[in-house]
Amino acid sequence: MEAKLDRSFFLRDARVVARALIGTHLVHVHGQTERVVRIAETEAYCGPRDLACHARAGLTKRTKTLLGPPGHAYVFLIYGMYDCFNVTCRGEGSGHAVLVRGGEPVSGIEAGIRCDGPGRLGRAMGITRALDRVDLTGDVLFLRARAKGERPTIAVTARVGVAYAGERADKPWRFVDAKSRHASRPSKRFIGRGG
DNA sequence: CTATTGATGGTC
DNA sequence: ACCATCAATAGG
């Protein structure tokens, strides 16, 4: 079993963390059940100057976690129905976070349940706002490193659903495992690759 | 395959 | 009023 990602992993720019998270395993332990998904799609949100980032609103009830210490879960409700899982990063108060948008079920998830799409992933993994502010270096919700030597091919695109964010809307801050079929959108939108 | 629409709730 | 979504439905 690969090592749990520690605090130092999260103390970096959201764009760096977002890319590094592709291919890692997200683990949620709840009682006897352990659910694991391999992350295939992420997006970076880069603080108050990024109009697509919730940190643009400043310190509010919701953004308290986002503006809190790195390496914690930031879980928020979108469209009244779906819990979106994010990882806080860079530094306390920076407002940097990575939205995990999709992945491939590994274990503990009922056969046929898909994890592509932020809403589906949250639901399949049993992640709700009750887990907001949970420390990701703990034993309930955490990440495990990629297998040694694993170097996924990563495609880079603009983020989804942020057309309102002006100049920042077109930034290539979405990262997808190019070989995975478990991203929320098809490859035709890819505008580059790397990693 | 694409396009459209309704469900739903917290923040601003 | 807005929104970092999804499922069901209708149409080509």
Side-chain angles (χ1 to χ4, degrees), chain A residues 10 13-22 26 37 39-68 70 72-90 94-105 109-134 136 141 143 154-177 180-191:
Chain A
F10 303 103
D13 187 284
R15 289 159 286 196
V16 175
V17 176
R19 180 182 288 267
L21 279 174
I22 299 297
L26 172 64
V37 68
I39 295 175
E41 179 184 1
T42 60
E43 282 178 358
Y45 288 83
C46 301
R49 290 174 49 206
D50 176 5
L51 279 329
C53 182
H54 290 165
R56 72 194 179 294
L59 185 59
T60 67
K61 188 172 181 182
R62 177 166 71 162
T63 61
K64 195 174 167 191
T65 305
L66 175 58
L67 292 166
H72 288 244
Y74 169 45
V75 184
F76 65 88
L77 183 71
I78 190 66
Y79 301 130
M81 271 177 255
Y82 300 103
D83 290 290
C84 293
F85 170 70
N86 301 249
V87 173
T88 60
C89 48
R90 202 172 84 160
S94 71
H96 276 228
V98 175
L99 169 64
V100 178
R101 288 188 53 90
E104 173 183 1
I109 294 168
E110 199 182 330
I113 300 296
R114 290 162 57 189
C115 298
D116 45 320
R120 278 198 287 257
L121 182 137
R123 194 177 51 194
M125 287 293 287
I127 296 172
T128 69
R129 281 161 292 159
L131 292 174
D132 184 49
R133 224 169 168 67
V134 162
L136 296 173
L141 194 58
L143 291 137
I154 295 174
V156 184
T157 83
R159 294 172 293 180
V160 174
V162 297
Y164 61 90
E167 166 206 335
R168 299 287 176 129
D170 301 321
K171 296 286 184 186
W173 292 348
R174 173 169 173 258
F175 302 89
V176 179
D177 180 341
S180 175
R181 294 175 296 104
H182 297 271
S184 66
R185 301 199 177 216
S187 60
K188 69 175 181 180
R189 294 184 49 156
F190 291 178
I191 59 176

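All values below come from the heavy atoms of this structure, side chains included, with hydrogens, waters and symmetry mates left out. Just so it is clear: chains get the letters A, B, ... in the order the sequence lines come, proteins before strands, and each one is counted from 1.
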Between atom CG in A/Leu99 and atom P in C/dC3, what is the gap in whole Å? 16 Å
Whole-Å gap separating P (B/dT11) and CZ (A/Arg56): 13 Å
Under the side-chain hydrogen bond (donor to acceptor under 3.5 Å, both in side chains) test, which residues partner A/Arg56, sequence neighbours left out? none
Partners meeting salt bridge (charged side-chain N to carboxylate O under 4.0 Å, His left out) with A/Arg168 (sequence neighbours left out): none
Holding to side-chain hydrogen bond (donor to acceptor under 3.5 Å, both in side chains), I want the full list of residues that pass it with A/Asn86, two or more places apart in sequence or in another chain. none
Read 5' to 3' with Watson-Crick or G-U pairs under 3.5 Å, [ ] for crossing pairs and | for partners on another strand, DNA chain B gives |||||||.|||.
So, using ring pair (Phe, Tyr, Trp, His ring centres under 6.0 Å) as the criterion, who are the partners of A/Tyr45 when residues are at least two apart? none
Listed partners of A/Thr60 passing side-chain hydrogen bond (donor to acceptor under 3.5 Å, both in side chains), at least two apart: A/Thr63
Counting heavy atoms from C-beta on, name the nucleotide in C/dT5, C/dC6, B/dC12 closest to the side chain of A/Arg101. C/dT5
For atom CZ of A/Arg120 and atom P of C/dA4, their distance in whole Å: 18 Å
Can you check the A/Lys171 NZ to C/dA4 P distance for me, whole Å? 18 Å
Of the candidates C/dA7, C/dA4, B/dT11, the side chain of A/Arg123 sits closest to C/dA7
Check the distance between C/dC6's C1' and A/Leu121's CG and give it to me in whole angstrom. 14 Å
Tell me the interatomic distance from A/Phe175, atom CZ, to C/dA4, atom P, rounded to whole angstroms. 18 Å
Quick one: list whatever passes side-chain hydrogen bond (donor to acceptor under 3.5 Å, both in side chains) with A/Thr65, sequence neighbours left out. A/Asp132, A/Arg133
Dump every N/O contact between nucleotides 7-10 of chain B and the protein below 3.5 Å, one line per pair.
unit_1	atom_1	unit_2	atom_2	d
B/dT8	O2	A/Tyr79	O	2.5
B/dG9	N3	A/Gly80	N	3.4

What is the distance, rounded to the nearest whole Å, between atom OH of A/Tyr164 and atom P of B/dC12? 12 Å
Mind checking if A/Ala52 touches a base, just sugar-phosphate, or nothing, with heavy atoms under 4.0 Å? base
Partner residues of A/Arg90 under the salt bridge (charged side-chain N to carboxylate O under 4.0 Å, His left out) criterion, sequence neighbours left out: none
Across the strands shown, which category fits A/Arg114 at heavy-atom distances under 4.0 angstrom: base, sugar-phosphate, nothing? nothing
